[in-house]
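Here the structure is laid out as structure tokens; the discussion comes afterwards.
Order of the sequence lines sets the chain letters (A, B, ...), proteins ahead of strands, with each chain counted from 1. Computed from a predicted model, the values in this text were never measured in an experiment.
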Protein chains: 2
Amino acid sequence: MEDAATPVSAQKQAASPRRAPSQQRSRERVERMLAAASALIAEQGSDAMRMGEVAERAGVSIGSLYQFFPDKRAIIWALAERYTAESQSCISAALAGISDAERLQSAFSELVDIYYRLFLAEPVIRDIWSGTQADKALRQLELADSRANAEFLSAVLKRLRPAADPATLETTAFLVWQMGEAAMRLAISVERQEGDRLVAAYKRMALRELLAE
Amino acid sequence: MEDAATPVSAQKQAASPRRAPSQQRSRERVERMLAAASALIAEQGSDAMRMGEVAERAGVSIGSLYQFFPDKRAIIWALAERYTAESQSCISAALAGISDAERLQSAFSELVDIYYRLFLAEPVIRDIWSGTQADKALRQLELADSRANAEFLSAVLKRLRPAADPATLETTAFLVWQMGEAAMRLAISVERQEGDRLVAAYKRMALRELLAE
DNA sequence: GCATAAACGTGATTAATCCTCACATTTGCA
DNA sequence: TGCAAATGTGAGGATTAATCACGTTTATGC
């Protein structure tokens with residue numbers, strides 16, 4: 001886990017390569033950098049987050065920051081990757097082994113609620129996934145994450161409806177999942193009450209689709 | 001129309017006010033600025049669009065540009081507003097007067113196809129609505145646009161299902177519409193073939209919801 | 001025609017930021 | 001102990017959005 005979230009993976013993006021922290025000392029510093037970035041994003045949003053501020057709050061120089069993160073987006077990317085890794089294990093656990101409609105219904109409903117509460121409560125997640133569309137690397141991360149989660153869902157669907165075309169089920173699962181993320185983003189951007197209604201409506205819509213013959 | 005798209009409306013945003021073009025001369029210049037911006041966005045994306053480049057290509061000074069647009073986002077906003085105004089009239093026309101399920105089905109299906117083709121064909125639209133989430137003013141514009149379009153749709157639904165709770169129908173229409181925009185954004189960001197499948201799946205899902213008892 | 005105010009036009013300059021780089025320091029290890 | 005690699009530093013380069021003081025054009029009243 002500490003390994004997976006290592007910022008070196010941010011190289012996948014585009015910028016010049018950066019060293020991965022190999023010493024204990026620097027690993028701790030990188031943690032401080034991420035923590036500082038997280039705090040600043042929570043306070044002002046990732047757009048207003050200044051690299052100098054991150055460095056200052058982490059107690060490192062701006063140069064050290066750039067030693068481990070090729071650019072500003074890489075920091076955000078690293079935070080996003082942690083969240084996706086964490087949530088993916090939750091989701092796989094919640095959907096594992098389900099093979100009847102009732103359990104799918106309750107598990108899915110609960111999953112949506114958990115996600116919704118998470119989005120409402122965590123300003124950092126909200127900020128990062130709001131800006132997703134603007135950043136190619138983040139978008140790719142979200143797509144990959146979504147595909148992975150949709151796979152758990154389509155696995156359940158295939159068990160529930162063995163006669164149906166598997167490819168169609170996969171498309172359905174992916175779409176339902178993406179619609180869910182969009183519904184969350186929408187729900188948190190409107191009044192709380194309307195958001196609740198929208199999430200409920202999404203649940204109905206998604207379940208109707210998932211449980212349809 | 002020329003009036004509605006006037007960049008003075010960009011004042012609604014946040015930046016310092018700017019003069020609205022009142023002379024013929026300046027109105028033509030503003031058109032040139034918007035055209036230049038549109039071309040640059042089509043070529044390189046709005047992020048890479050430089051204000052100096054816009055001015056140069058429009059044949060005006062950077063100062064003139066800022067005389068009519070308080071900031072960079074205002075230009076993009078003005079372009080976005082034109083597109084929304086244009087599409088809204090199309091949508092209202094397509095959905096007007098529908099009061100039976102068959103016609104709703106065919107009209108909705110056609111509308112989705114039109115939108116999808118538009119997104120595929122117009123790089124400017126694609127760019128602007130991709131970056132929507134990152135910009136508050138654009139997000140508001142899209143939300144308002146979506147609400148307006150959803151209203152056309154919910155009007156149809158209310159005629160189709162007079163016994164149903166109107167508030168629920170409104171929420172459904174809004175959600176279906178937003179899901180549609182999200183589906184479009186998703187579809188154009190993946191391989192063409194998968195995009196087609198996703199749009200088709202969205203259509204099925206949306207129509208199932210819209211025509212449900 | 002003339003005067004005057006308002007609208008318009010200009011581009012060098014300012015300000016804010018991301019990011020680099022030449023050099024100093026610390027750590028792991030033979 | 002000594003050296004190579006890793007790590008740390010922060011002044012400064014580079015980019016670019018946005019300003020502003022001043023010059024020019026247009027509309028309008030007489």
Inset, instruction - In sequence, state the C-alpha distance, the side-chain angles, and the governing distance for A:Leu198 and A:Leu186, and then conclude on side-chain contact (heavy atoms from CB on, under 4.5 Å). - result: CA-CA 8 Å; A:Leu198 286 165; A:Leu186 172 62; 3.9 Å; yes
Legend entry - Phosphate-side-chain proximity, A:Tyr66 and C:dC19, N/O vs OP1/OP2 below 4.0 Å: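 Yes, because at least one side-chain N or O of A:Tyr66 sits under 4.0 Å from OP1 or OP2 of C:dC19.
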Per-pair distances, 0.1 Å, donor-acceptor, side chain in residues 34-45 of chain A, under 3.5 Å, sequence neighbours excluded:
| from | atom 1 | to | atom 2 | distance (Å) |
| --- | --- | --- | --- | --- |
| A:Glu43 | OE1 | A:Arg57 | NH2 | 3.2 |
| A:Glu43 | OE2 | A:Arg57 | NH1 | 2.9 |
| A:Gln44 | NE2 | A:Glu53 | OE2 | 3.4 |

[X] [atom1] - [N] [atom2] separation (whole Å):
X: A:Met49; N: C:dT17; atom1: CE; atom2: P; value: 13 Å
X: B:Ile75; N: D:dA17; atom1: CD1; atom2: C1'; value: 11 Å
X: A:Glu53; N: C:dC18; atom1: CD; atom2: C1'; value: 14 Å
X: B:Glu28; N: C:dC8; atom1: CD; atom2: P; value: 13 Å
X: A:Arg27; N: C:dT27; atom1: CZ; atom2: P; value: 14 Å
X: B:Met33; N: C:dT10; atom1: CE; atom2: P; value: 8 Å
X: B:Lys72; N: C:dA16; atom1: NZ; atom2: C1'; value: 15 Å

Extract all donor-acceptor atom pairs below 3.5 Å that involve side chains of residues 118-129 of chain B and protein atoms in other chains or at least two apart in sequence.
| from | atom 1 | to | atom 2 | distance (Å) |
| --- | --- | --- | --- | --- |
| B:Arg126 | NH1 | B:Leu120 | O | 3.0 |
| B:Asp127 | OD1 | B:Ser46 | N | 3.2 |
| B:Asp127 | OD1 | B:Ser46 | OG | 2.5 |
| B:Asp127 | OD2 | B:Ser46 | N | 3.0 |

Which pairs of donor and acceptor atoms, one on a side chain in residues 88-98 of chain B, lie under 3.5 Å apart (sequence neighbours left out)?
| from | atom 1 | to | atom 2 | distance (Å) |
| --- | --- | --- | --- | --- |
| B:Gln88 | NE2 | B:Asp145 | OD1 | 2.7 |
| B:Ser89 | OG | B:Glu86 | O | 2.8 |

Inset, instruction - Among D:dA18, C:dC19, C:dC8, find the nucleotide with the atom closest to the side chain of A:Asp71. - result: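 The listed nucleotide nearest to A:Asp71's side chain is C:dC19.
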Inset, instruction - Under the salt bridge (Lys or Arg N to Asp or Glu O under 4.0 Å) rule, collect the residues that match up with A:Arg185, sequence neighbours excluded. - result: A:Glu142
Scan nucleotides 9-15 of chain D against the protein and return all N/O pairs shorter than 3.5 Å with their distances rounded to 0.1 Å.
| from | atom 1 | to | atom 2 | distance (Å) |
| --- | --- | --- | --- | --- |
| D:dT9 | OP2 | A:Arg29 | NH2 | 3.1 |
| D:dT9 | OP2 | A:Ser61 | N | 3.0 |
| D:dT9 | OP2 | A:Ser61 | OG | 3.3 |
| D:dT9 | OP2 | A:Ser64 | OG | 3.2 |
| D:dG10 | N7 | A:Gly63 | N | 3.4 |

Legend entry - Partner set under side-chain contact (heavy atoms from CB on, under 4.5 Å) for B:Glu28, not counting sequence neighbours: B:Gln24
